[in-house]
Amino acid sequence: MTESERMYAEASKRMPGGVNSPVRAFRAVGMTPRFIVRGKGDRIFDADGAEYIDYVMSWGPLVLGHAREEVVKAVSEAAESGLTFGAPTGRETELAEEIRNACPHMEMLRLVNSGTEATMSAIRAARGFTGRDKIVKFEGCYHGHSDGLLVKAGSGCLTGAAPDSAGVPASYAQNTLVAQYNDPGSVEALFSANQGEIACVIVEPVAANMGVVPPEKGFLEGLRALCDRYGAFLIFDEVITGFRVAYGGAAERFGVRPDLAAYGKIVGGGMPLAVYGGRRDVMERIAPLGPVYQAGTLSGNPVATAAGLATLRLLRKNKENVYAELEQKAALLEQAYRKAGVPVNRVGSLLSPFFTKMAPKSFRDVQTCDLKRFARYFGGMLRRGEYVAPSQFEAMFVSAAHTDADIAKTCADIEAACAEFERV
Ligand SMILES: *Cc1c(COP(=O)(O)O)cnc(C)c1O
């Protein structure tokens, strides 16, 4: 028995599936999760002393790699001065300014603790302002695990037995209308059947929780136009795309301005921190200025804001190089999959190989993937020291810490791992 297996058995006695978030359990690939003891740069090390090149990168936050010196220093210094006060601190405003400079639509914002909270609160703000109850989301998009959003959701919901969650009353979900990604017609149909009732459309501007599915030309623009026509808000869930597909996220990369947006992952630099905000007139309705309530004991936590601020500042100062380099490295990985005959979707440093005939353009396409082939590929990669997401329905995350030598090794391993299972 390996040390990871022993630790997993212990963990499983006390935590459902031995983990604190379902996809970590490796169930989709029928394996035992590796217990991680340390990370540095683009590498992680497990409890059995094995070393991996990491493409999970904590599912997105670590765009600068593990334990980046400047970020760790900022965190340690902040911690020395006190872990939390429940009173305002200056760094919260500094972080807010940094976000607003990157994302001009973030006129006012709130810091929260998780992406789940950020999207939930953005939707509450949209409902509070418009006085409408219904919302539109897309099949296969994941916006965290709040009740009304666990409807046709992506990420771990796709690998589990049930597509949606037990414990969500039908009455909570009935205000959530579901449209098809990359199909503005499906959104228009919902608007015309629910005139004056839809508060907002929430979308991952690059879908990354059903594997990566890029927005087709005109899709995001189409959503913008429909929201304007029907007086609803467009909410970008940039929890993955923010500060990743461009410094200003998907809004910058695709040139579409949302009314409200949610950020997480990178914005917290590896600490629990997320953000929602947007139009000033909407955010001025949040308590204590207005009637929309939202609060948090640890919101704007000094240690988390230090990590986020250090991360965003490093990204901004090196913006010209960082994003071009991320793009180049990810393009090499993309090429390796193509060479191996595996279709792949990529937007910037986000990519997914798909074990199906053609690179998916919709959730329906994604569902044609061969999950057994994925599991074999995953096993082959892990054996070669490549740590990719243990599910077909997640993205690969490339970071600034991935070295050219490691990218080259991964490219060779991709070809070898894919060739191996094709022979099976
Ligand atoms: C991860 C994710 C969330 C949820 O964030 P948590 O911090 O896990 O609550 C929401 N939306 C998207 C697009 C995500 O990828």
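Both counts, for ligands and for their atoms, begin at 1 and track the order of listing.
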Find all protein N or O atoms under 3.5 angstrom from an N or O atom of ligand 1 and list the pairs with distances, or write 'none'.
residue, atom, partner, partner atom, Å
ligand 1, 5 (O), Gly115, N, 3.4
ligand 1, 7 (O), Gly115, N, 2.9
ligand 1, 9 (O), Gly115, N, 3.4
ligand 1, 9 (O), Thr116, N, 2.8
ligand 1, 9 (O), Thr116, OG1, 2.6
ligand 1, 11 (N), Tyr142, O, 3.3
ligand 1, 11 (N), Asp237, OD1, 3.3
ligand 1, 11 (N), Asp237, OD2, 2.6
ligand 1, 15 (O), Asn209, ND2, 3.1
ligand 1, 15 (O), Lys265, NZ, 2.6

Worksheet entry | Residues forming a side chain to side chain contact (heavy atoms under 4.5 Å, CB included) with Arg14, sequence neighbours excluded |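 With sequence neighbours excluded, Arg14 shows a side chain to side chain contact (heavy atoms under 4.5 Å, CB included) to no residue whatsoever.
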Worksheet item: Partners of Ser186 by side chain to side chain contact (heavy atoms under 4.5 Å, CB included), sequence neighbours excluded?
Response: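 Side chain to side chain contact (heavy atoms under 4.5 Å, CB included) check on Ser186 returns Ala179, Gln180, Asp183.
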Fill in: N-O pairing of Arg244 and Glu327 below 4.0 Å
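No.
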Item to complete: For the pair Arg43 and Asp406, find out whether any cationic side-chain nitrogen is under 4.0 Å from an anionic carboxylate oxygen.
Response: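 Salt bridge present between Arg43 and Asp406.
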Worksheet item: Under the salt bridge (charged side-chain N to carboxylate O under 4.0 Å, His left out) rule, what pairs show up with a residue in residues 199-227, not counting sequence neighbours?
Response: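 As it turns out, the salt bridge (charged side-chain N to carboxylate O under 4.0 Å, His left out) pairs with a partner in residues 199-227, which skip direct neighbours, are Arg224-Asp228, Arg224-Asp259.
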Practice prompt. Going by the salt bridge (charged side-chain N to carboxylate O under 4.0 Å, His left out) test, name the single residue among Arg316, Lys317, Arg91 that passes it with Glu98.
Written response: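 With Glu98 as partner, Arg316, Lys317, Arg91 yield a single salt bridge (charged side-chain N to carboxylate O under 4.0 Å, His left out), made by Arg316.
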